[in-house]
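To start, the structure under review is shown below, and the notes come after it.
Ligands are counted one by one from 1 in listed order, and the atoms in each one are counted from 1 as well.
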Amino acid sequence: MPALVLIGAQWGDEGKGKATDLLGGAVDYVVRYQGGNNAGHTVVIGEEHYALHLIPSGILRADCVPVIGNGVVIDPGVLLSEMDGLAARGIDVSRLLISANAHLIMPHHRALDRVIERYLGKSRIGTTGRGIGPTYGDKVARTGIRVQDLLDPGIFRKKLELVLREKNQVLAKVYNRRRIELDEVCEEYAGYAKRLGPHIADTGLVLDKALRSGQVVLLEGSQGTLLDVDHGTYPFVTSSNPTAGYAATGAGIGPTKINRVIGIIKAYTTRVGAGPFPTELDDKVGEELRRIGGEFGVTTGRSRRTGWFDAVIARYAVRVNGVTDLFLTKLDVLSGFDRVPICVGYDIGGERVDEMPMTQTEFHHAKPIYTELPGWHEDLSGVRSYADLPAAAKDYIRALEELSGAPVSAIGVGPGRDQTLVINELV
Ligand code: GDP
Ligand code: IMO
Ligand code: MG
């Protein structure tokens with residue numbers, strides 16, 4: 001079997017880390033293809049909790065090779081401390097491969113991310129402040145510095161000197177910030193180069209060879225469909241393409257190698273940061289979902305906004321990603337509600353709309369139209385087979401399937417490795 005992609009179908013934090021870890025046991029490579037340390041992917045193994053930001057969740061499976069693809073932006077200091085943290089817990093990080101073409105997050109990117117947000121004031125996006133947007137911006141503007149530049153200190157210095165000429169003007173004169181010192185950054189990054197050097201590889205070539213020899217490659221998305229810079233709620237998005245179409249580009253393999261797209265989707269909806277969210281619950285029920293679901297950010301610790309399941313978004317995610325299977329997570333969190341509403345369409349200015357509206361203005365004005373299903377009160381965390389789910393939970397799953405247009409192939413009933421009901425084998 002060739003490559004499969006795992007994507008977030010909503011606004012991130014759907015449970016991609018857990019799903020990747022689960023599939024990681026049956027694949028040979030796990031590749032991150034976009035994003036950076038704005039991501040926070042949680043894996044729970046027994047009593048151990050791991051929060052992964054840059055390293056693919058496959059690192060926790062001894063038999064698979066974790067790869068950071070060319071489409072990722074890497075803060076090398078953060079990467080090294082993540083590697084050290086895992087190594088201290090007995091995880092072998094020597095297998096990690098890093099694409100030579102991935103772009104580096106530099107100190108000026110972090111500084112700019114924070115100061116740009118401050119200047120946006122009320123219109124701020126609520127970024128993670130990790131330098132993601134400015135790094136992708138420079139990548140496209142062709143003023144980025146790449147992992148391979150770490151291997152050539154002369155080139156690294158030359159490129160940095162050139163970009164700092166402009167960035168320091170902007171930082172000092174536009175934003176009244178401290179200038180960034182060339183020598184200091186060169187020295188800091190030379191230290192990173194020494195340690196990361198052995199991991200740098202032509203990862204596209206490695207993956208192609210693996211695929212040709214029949215090995216299985218899992219492409220692990222970060223963020224989610226509605227945070228996609230092309231397909232999300234722009235400008236309240238991240239600066240990369242989490243959707244499945246980018247997985248091939250960000251991993252450096254051909255799209256014809258991909259034969260399965262798994263959409264990770266929460267049984268309700270959450271969002272971190274600013275931007276429209278039609279089913280948001282700004283009340284006690286939303287508070288309950290946050291409390292029961294433990295909806296607090298893994299990366300920034302911020303409270304996640306919560307709301308009911310939005311089938312318009314689910315349908316949209318299935319469409320733009322070509323989802324073949326849905327992995328429904330956190331069904332256990334919905335136990336205890338008498339009725340469980342599902343948003344089946346929007347009322348926009350008095351008109352019913354069943355598809356994601358064309359413009360952001362319309363989406364900002366979208367009011368959810370709900371259908372209500374009976375809830376269930378049984379605790380699902382100990383359920384291990386689909387057959388043992390309460391009838392109301394089964395009806396809820398069937399409704400989501402029908403409304404979304406893709407089969408639910410796996411269901412999460414808790415954060416643990418064993419708390420998944422597999423309906424159709426995914427690998
Ligand atoms: P990711 O960014 O998509 O990897 O998701 P996060 O790790 O940021 O957030 C998902 C949270 O839900 C984590 O705390 C997971 O441990 C937890 N989780 C994942 N699947 C389930 C599930 O089926 N049930 C419950 N209760 N928690 C889950
Ligand atoms: P995972 O992979 C949820 C959000 C931020 C902000 C917007 C832009 O754990 O699902 P950025 O720092 O990327 O420029 O911020 O995107 N965001 C996420 N929200 N999960 C994530 O990752 C996110 N990564 C970024 O909160 O609204
Ligand atoms: Mg997360």
For residues 35-45, please give each side-chain donor-acceptor pair under 3.5 Å, one per line with the distance, not counting sequence neighbours.
{"unit_1": "Asn38", "atom_1": "OD1", "unit_2": "Gly36", "atom_2": "N", "d": "2.9"}
{"unit_1": "Asn38", "atom_1": "OD1", "unit_2": "Gln223", "atom_2": "NE2", "d": "3.1"}
{"unit_1": "Asn38", "atom_1": "ND2", "unit_2": "Thr238", "atom_2": "OG1", "d": "3.2"}
{"unit_1": "His41", "atom_1": "ND1", "unit_2": "Glu220", "atom_2": "OE2", "d": "2.7"}

Summary of salt bridge (Lys or Arg N to Asp or Glu O under 4.0 Å) pairs that have at least one residue in residues 375-390, sequence neighbours excluded: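 Non-adjacent pairs meeting salt bridge (Lys or Arg N to Asp or Glu O under 4.0 Å): Arg384-Asp418.
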Report yes or no: does a heavy atom of Val237 sit under 4.0 Å from some atom of ligand 2?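 So Val237 counts as touching ligand 2.
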Considering [options] one by one, which has a heavy atom nearer to [atom] than any of the others?
| atom | options | value |
| --- | --- | --- |
| atom 12 (O) of ligand 1 | His49, Gln419, Lys330 | Lys330 |
| atom 18 (C) of ligand 2 | Leu227, Thr299, Val73 | Leu227 |
| atom 21 (C) of ligand 1 | Gly412, Gly40, Gly414 | Gly414 |

What is the ring orientation for Phe363 with Trp11, classed by angle as parallel under 30°, tilted 30 to 60°, or perpendicular over 60°?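 It falls in the tilted class, 30° to 60°.
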Polar contact flag for Lys16 and ligand 2 (N/O pairs, less than 3.5 Å):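 Lys16 vs ligand 2: N/O contact under 3.5 Å present.
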Working for salt bridge (charged side-chain N to carboxylate O under 4.0 Å, His left out), residues Glu295 and Arg271: CA-CA 9 Å; Glu295 297 298 351; Arg271 167 163 212 173; over 6 Å; no
Can you name the atoms of ligand 2, numbered from 1 with element, that are less than 4.0 Å from a heavy atom of Asp13?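 The atoms of ligand 2 under 4.0 Å from a heavy atom of Asp13 are 1 (P), 3 (C), 9 (O), 10 (O), 20 (N).
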Need the ligand 2 atom indices (1-based, order shown) with element for anything under 4.0 Å from a heavy-atom of Gly273.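 Taking each heavy atom of Gly273 in turn, ligand 2 has 27 (O) under 4.0 Å.
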Listing by chain and number, which protein N, O or S atoms are under 2.8 Å from the Mg ion (ligand 3)?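 Atoms qualifying: Asp13 OD1, Gly40 O.
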Residues two or more places apart in sequence or in another chain: which of them pass ring-ring contact (aromatic ring centres under 6.0 Å, His included) with Tyr396?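 Here the qualifying residues are Trp376.
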